[in-house]
Chemist: 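This is the structure, below, for whatever I ask next.
On a predicted model such as this, the values are computed, not experimentally measured, just so you know. The analysis underlying the following values was restricted to heavy atoms, covering all of them including side chains, and did not include hydrogens, waters or symmetry mates.
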Amino acid sequence: MAKENLVDSFYTLGLDTVGDKIGYKKIPHLQKCAPISQEKVKDEITDTDDTQEEFAIVNFKKNGDVEFEIVYDPKDPTHLKLDQMFADNSYGNFEYFLTQAKQGKTFNAQLMKWEEVTETKTQKLRKKGTLTISNVALITTSKTQP
């Protein structure tokens, strides 16, 4: 494989603060964000006279969780939307986009964990969150607004 064909892993996480699934706003000060994961499900289809197990993949996927961390800005609309989502258990529309590869995924999620992190007194306040995702869709052009 040629080194010049490799793609950098720069990414953004966008949040729809309006609810229209069109204008995703980039979540600023994102420090890290785990990629979206999905897992296929298999079904055991072993016959009673088989001598080894047989499996088939079924048309079903399990969605994972996405963990992320931000440097918190209490005036930023995306950070305020995350606060609101955690307080009222609402869903949010998100866009995870790999900027160099020009591909990503949109998904709905609930914020299951939202905690303040103060590892050292010389750092700005950070918040860590865990999103439980659903309705994942592949995209090839970003809708994220700067």
Side-chain angles (χ1 to χ4, degrees), residues 1-46 53-146:
M1 178 189 305
K3 289 190 288 187
E4 60 273 3
N5 294 334
L6 301 178
V7 179
D8 291 330
S9 62
F10 301 124
Y11 58 86
T12 61
L13 183 63
L15 175 59
D16 177 8
T17 56
V18 179
D20 59 6
K21 294 185 180 180
I22 296 172
Y24 293 92
K25 292 188 178 180
K26 178 183 166 192
I27 298 175
H29 311 300
L30 184 68
Q31 300 299 293
K32 54 186 157 187
C33 181
I36 297 167
S37 66
Q38 289 183 304
E39 179 182 334
K40 291 185 176 185
V41 176
K42 63 183 177 180
D43 183 19
E44 183 181 350
I45 57 168
T46 309
E53 292 179 316
E54 295 290 332
F55 294 94
I57 295 175
V58 297
N59 190 18
F60 186 84
K61 292 180 185 167
K62 293 181 184 178
N63 292 319
D65 291 339
V66 173
E67 293 183 359
F68 67 99
E69 182 179 320
I70 61 170
V71 178
Y72 186 68
D73 179 356
K75 294 182 180 176
D76 180 76
T78 58
H79 295 187
L80 293 173
K81 175 73 173 176
L82 290 166
D83 287 338
Q84 176 195 353
M85 286 175 54
F86 189 71
D88 64 12
N89 297 324
S90 60
Y91 281 85
N93 303 313
F94 291 86
E95 176 190 71
Y96 182 89
F97 195 75
L98 296 159
T99 57
Q100 299 293 315
K102 300 199 180 343
Q103 65 180 3
K105 294 180 180 176
T106 59
F107 59 95
N108 300 76
Q110 280 186 294
L111 190 56
M112 302 304 286
K113 185 177 177 184
W114 191 229
E115 64 184 350
E116 295 175 349
V117 180
T118 52
E119 293 176 1
T120 70
K121 63 182 181 179
T122 60
Q123 289 184 325
K124 299 287 187 184
L125 175 65
R126 285 155 166 69
K127 284 199 172 186
K128 284 186 181 180
T130 302
L131 297 168
T132 296
I133 64 174
S134 61
N135 299 324
V136 177
L138 183 66
I139 57 171
T140 55
T141 56
S142 176
K143 301 175 191 172
T144 302
Q145 305 297 317

Chemist: Indicate yes or no: at least one non-hydrogen side-chain atom of Leu15 is less than 4.5 angstrom from one of Lys25.
Modeler: no
Chemist: Measure the CD1-CG distance between Ile27 and Leu13 for me, rounded to the nearest 0.5 Å.
Modeler: 4.0 Å
Chemist: So do the side chains of Leu131 and Phe107 get within less than 4.5 Å of each other, counting heavy atoms only?
Modeler: yes
Chemist: Going by salt bridge (Lys or Arg N to Asp or Glu O under 4.0 Å), name the residues that satisfy it together with Asp73, two or more places apart in sequence or in a different chain.
Modeler: none
Chemist: Starting at CG of Asp65, measure out to CD1 of Ile133 and round the result to the nearest 0.5 Å.
Modeler: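 CD1 of Ile133 is found 7.5 Å from CG of Asp65.
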Chemist: Taking the side chain as everything from C-beta on, heavy atoms only, tell me whether His79 gets closer than 4.5 Å to Ile70.
Modeler: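 Sidechains of Ile70 and His79: in contact.
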Chemist: So which heavy atom on Cys33 is nearest to which on Val66, and how close?
Modeler: SG-CG1, 3.7 Å
Chemist: When rounded to the nearest 0.5 angstrom, what is the spacing between NZ in Lys40 and CD1 in Ile57?
Modeler: 5.0 Å
Chemist: Do the ring planes of Trp114 and Tyr72 sit parallel (below 30°), tilted (30 to 60°) or perpendicular (above 60°)?
Modeler: perpendicular
Chemist: Which pairs would a plain distance check flag for residues 84-92, meaning a side-chain donor or acceptor within less than 3.5 Å of a matching protein atom at least two apart in sequence or in another chain?
Modeler:
residue: Asp88; atom: OD1; partner: Ser90; partner atom: N; Å: 3.1
residue: Asp88; atom: OD1; partner: Ser90; partner atom: OG; Å: 2.7
residue: Tyr91; atom: OH; partner: Gln110; partner atom: OE1; Å: 3.4

Chemist: Mind listing the closest non-hydrogen atom pair of Thr130 and Phe68 along with its distance?
Modeler: N-CE2, 4.3 Å
Chemist: Going by the rule salt bridge (Lys or Arg N to Asp or Glu O under 4.0 Å), which residues pair with Lys75 if we only count those two or more places apart in sequence or in a different chain?
Modeler: none
Chemist: Tell me every residue that passes salt bridge (Lys or Arg N to Asp or Glu O under 4.0 Å) with Lys127, counting only those two or more places apart in sequence or in another chain.
Modeler: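 Lys127: salt bridge (Lys or Arg N to Asp or Glu O under 4.0 Å) contacts with Asp83.
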Chemist: How about Thr78 and Thr17: do any of their side-chain heavy atoms sit closer than 4.5 Å?
Modeler: yes
Chemist: Keeping to residues at least two apart or across chains, list the side-chain hydrogen bond (donor to acceptor under 3.5 Å, both in side chains) pairs with something in residues 53-63.
Modeler: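 Counting only pairs at least two positions apart or across chains, the side-chain hydrogen bond (donor to acceptor under 3.5 Å, both in side chains) contacts touching residues 53-63 are Gln38-Asn63.
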Chemist: Tell me if a side-chain donor or acceptor on Gln31 pairs with a main-chain N or O of His29 at a distance below 3.5 Å.
Modeler: yes
Chemist: Taking atom CZ of Phe60 as the centre, report whether more than 12 heavy atoms of other residues, nucleotides or ligands fall under 6.0 Å from it.
Modeler: no
Chemist: Quick one: salt bridge (charged side-chain N to carboxylate O under 4.0 Å, His left out) pairs with a partner in residues 103-115, sequence neighbours left out?
Modeler: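 Matches after skipping sequence neighbours: Lys113-Glu115.
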Chemist: Might you point out which heavy atoms bring Pro28 and Asp76 nearest each other, and give the distance in Å?
Modeler: CG-OD1, 3.3 Å
Chemist: Describe, in one word, how the ring planes of Tyr96 and Tyr11 are oriented to each other, choosing from parallel (under 30°), tilted (30 to 60°) and perpendicular (over 60°).
Modeler: parallel
Chemist: I need the Thr106 OG1 to Phe94 CZ distance, nearest 0.5 Å.
Modeler: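 Answer for the OG1-CZ pair, Thr106 versus Phe94, is 12.0 Å.
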